[in-house]
Amino acid sequence: MPELPEVETTVNGIRPFAEGRTVAGVIVRQRQLRWPVSRGLSQKLSGKVIQSVRRRAKYIMFEFERGTLLIHLGMSGRLRVVPSTTPIEKHDHVDLLLDDGHCVRFRDPRRFGSVIWVSGDPLMSPYLYHLGPEPLVDDFDGHYLYTKARGRRAAVKNFIMDGRIVVGVGNIYASEALFRSGIRPTRAAGRIALERYDLLVTAIQSVLGEAIAAGGTTLRDYSRVTGEPGYFEQALKVYERQGQPCEACGDLIKRKVIGQRASYYCPSCQH
DNA sequence: CCGGCCACCTGCGGGC
DNA sequence: TGCCCGCAGGTGGCCG
């Protein structure tokens with residue numbers, strides 16, 4: 001899926017088309033996503049103005065006066081703004097029709113995504129309330145991670161991918177950030193010094209920030225709102241590079257499954 | 001509370 | 001050509 005940079009890129013791409021526009025209708029062709037798509041969306045949203053399009057973790061929030069449409073892209077989801085007359089393709093599950101003839105179209109082959117209506121404060125909803133801090137804000141720092149890691153024996157890669165600890169660090173960028181900070185992904189979270197957590201946070205923020213600036217990583221079925229690819233893939237130093245030489249030391253990149261997810265690291269640079 | 005594992009679903013590439 | 005296997009960006013839930 002889209003990791004956080006892809007979600008951020010999507011939000012920024014959709015915002016100018018959607019903010020301030022009135023919804024003309026909602027078409028749901030497939031309700032069976034990760035959770036069933038909320039019922040009565042068209043009746044609920046028709047005639048209502050999209051106040052803002054924002055992001056919290058990997059959720060895209062279309063905020064209305066009386067509630068919020070939460071869209072999660074799962075592993076293979078994609079949102080694009082297209083003319084409403086654009087022919088439907090396979091896996092185009094939901095259209096949010098706008099009053100200017102465009103629609104926000106949700107496609108998701110694997111159907112791990114979700115389209116959910118929440119009334120009231122979305123941050124208090126069961127979808128968002130338990131989530132940890134955003135990775136790109138000030139209160140996420142080395143000291144925070146270090147404190148949270150006390151007594152934790154889980155691999156640091158799983159630790160930083162746990163949304164209750166910090167949101168938005170997905171499988172690609174977890175490996176990349178650990179490489180940048182010289183930390184082996186299998187290391188127990190509770191056995192990493194504060195100074196190294198400072199490095200890790202800096203690495204998480206720089207890798208995510210650079211990926212956002214580059215328009216996201218393009219992998220398999222992801223592409224940008226307007227269709228053109230992201231350009232960060234070439235900047236990946238370890239992800240899916242097993243057997244290739246590390247750019248820093250020349251040793252061969254390893255692949256190891258951690259927490260049932262493929263993980264990549266340089267055995268010489270990361271400890 | 002924590003950690004490990006499973007599930008959800010479709011598509012694609014490689015091996016035979 | 002076709003089948004089968006393993007693999008893929010997420011994350012809630014269950015169990016010990």
Side-chain angles (χ1 to χ4, degrees), chain A residues 1-11 29-37 55-60 70-79 89-94 106-116 118 125-132 135 147-177 185-191 204 207-208 211-212 214-224 229-233 235-236 238-243 255-264:
Chain A
M1 132 171 188
E3 288 213 25
L4 183 129
E6 289 73 23
V7 177
E8 181 78 16
T9 302
T10 296
V11 166
R29 304 181 189 84
Q30 168 63 269
R31 313 202 81 81
Q32 298 309 308
L33 302 181
R34 170 159 203 153
W35 295 294
V37 176
R55 175 188 69 71
R56 167 67 174 125
K58 293 172 188 164
Y59 285 88
I60 298 164
L70 285 183
I71 297 184
H72 197 291
L73 302 178
M75 292 274 261
S76 59
R78 180 214 294 198
L79 271 192
E89 293 182 36
K90 200 174 183 183
H91 308 304
D92 284 343
H93 304 315
V94 178
F106 175 74
R107 178 184 302 174
D108 184 10
R110 292 178 71 181
R111 290 195 270 129
F112 289 172
S114 53
V115 178
I116 297 287
V118 295
S125 74
Y127 303 99
L128 302 182
Y129 84 100
H130 63 286
L131 295 175
T147 302
K148 283 283 187 184
R150 293 311 85 205
R152 296 289 200 111
R153 281 174 295 181
V156 63
K157 176 160 178 281
N158 293 340
F159 177 67
I160 61 173
M161 289 179 68
D162 183 340
R164 294 164 299 186
I165 302 300
V166 59
V167 302
V169 183
N171 200 42
I172 296 176
Y173 300 111
S175 278
E176 293 298 317
T186 48
R187 173 166 288 274
R191 303 200 54 191
I204 288 171
V207 77
L208 292 177
I212 290 168
T217 302
T218 295
L219 286 170
R220 301 181 185 90
D221 32 27
Y222 176 77
S223 66
R224 289 212 263 180
Y231 294 97
F232 196 66
E233 191 173 7
L236 301 180
V238 290
Y239 187 77
E240 288 190 338
R241 290 197 65 232
Q242 69 272 25
R255 177 187 189 276
K256 180 181 176 61
V257 176
I258 304 170
Q260 312 185 187
R261 308 299 297 277
S263 309
Y264 305 84

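Just the heavy atoms: all of them, side chains too, but no hydrogens, waters or symmetry mates, feed the values below. Lettering of chains follows the sequences in order, A, B, ..., and the numbering in each one begins at 1. On a predicted model such as this, the values are computed, not experimentally measured, just so you know.
- For Leu33(A) and dC8(B), the CG to C1' distance is 11 Å, given to the nearest whole Å.
- Of the P atoms belonging to dC9(B) and dC3(C), the separation is 23 Å, rounded to the nearest Å.
- Within residues 256-263 of chain A, the residues that place at least one heavy atom under 4.0 Å from DNA chain C are, in residue-number order, Arg261(A), Ala262(A).
- Taking atom CD1 on Ile116(A) and atom P on dG12(C), their separation rounds to 12 Å, with Å as the unit.
- Between the side chain of Glu176(A) and the backbone N or O of Val207(A), no donor-acceptor pair lies under 3.5 Å.
- Note: Asp162(A) CG to Asn158(A) CG = 8.5 Å, rounded to the nearest 0.5 Å.
- With hydrogens and angles disregarded, a donor-acceptor distance shorter than 3.5 Å links the side chain of Arg31(A) to the backbone of Val37(A).
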Polar pairs (N or O, both sides) under 3.5 Å between protein and nucleotides 13-16 of chain C?
none

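- Judged as a side chain to side chain contact (heavy atoms under 4.5 Å, CB included), and not counting sequence neighbours, the contacts of His93(A) are Gln30(A), Leu33(A), His91(A), Phe106(A), Asp108(A), Arg111(A).
- No side-chain heavy atom of Leu70(A) sits under 4.5 Å from any side-chain heavy atom of Arg56(A).
- In this structure, CG on Leu128(A) lies 9.5 Å from NE2 on His72(A), to the nearest 0.5 angstrom.
- Rounded to whole Å, atom P of dC7(C) lies 17 Å from atom CD1 of Ile172(A).
- Rounded to whole Å, the distance from CG on Asp162(A) to P on dT11(C) is 11 Å.
- Regarding contacts with the backbone of dT11(C), a side-chain N or O of His72(A) is found under 4.0 angstrom from either OP1 or OP2.
- His130(A) has its NE2 atom 14 Å from the P atom of dC2(B), to the nearest Å.
- Between Leu4(A) atom CG and Thr10(A) atom OG1 the span is 10.5 Å, to the nearest 0.5 Å.
- Going from atom OH of Tyr129(A) over to atom C1' of dG12(C) covers 11 Å, rounded to whole Å.
- Rounded to a whole Å, the CD1 atom of Ile160(A) is 15 Å from the C1' atom of dG10(C).
- Expressed to the nearest 0.5 Å, how far CG of Asn171(A) lies from CD of Gln260(A) amounts to 12.0 Å.
- Atom NZ of Lys90(A) is separated from atom CZ of Arg107(A) by 11.5 Å, given to the nearest 0.5 angstrom.
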(request) For DNA chain B, produce a single dot-bracket line, 5' to 3'. Pairs: Watson-Crick or G-U wobble, both distances under 3.5 Å. Symbols: ( ) within strand, [ ] crossing, | other strand, . unpaired. (result) .|||||||.|||||||

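- Residues meeting the side chain to side chain contact (heavy atoms under 4.5 Å, CB included) test with Ser175(A), sequence neighbours left out: Lys157(A), Val238(A), Ser263(A), Tyr264(A).
- Arg164(A) comes within contact range of no nucleotide atom at all, as no heavy-atom separation falls under 4.0 Å.
- For Arg152(A), the side-chain atoms get nearest to dC2(B) when compared with the rest of dG10(C), dC7(C), dC2(B).
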Are any protein N/O atoms closer than 3.5 Å to N/O atoms in nucleotides 9-11 of chain B? If there are, list each pair with its distance.
residue, atom, partner, partner atom, Å
dC9(B), O4', Arg110(A), O, 3.3
dC9(B), O3', Arg111(A), NH2, 2.8
dC9(B), O2, Arg110(A), NE, 3.0
dT10(B), OP1, Arg111(A), NH2, 2.6
dT10(B), O4', Pro109(A), O, 3.3
dT10(B), O3', His91(A), NE2, 3.2
dG11(B), OP1, Lys90(A), NZ, 3.0
dG11(B), OP1, His91(A), NE2, 2.7

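- A straight line from CD of Glu240(A) to C1' of dG14(B) spans 15 Å, rounded to a whole angstrom.
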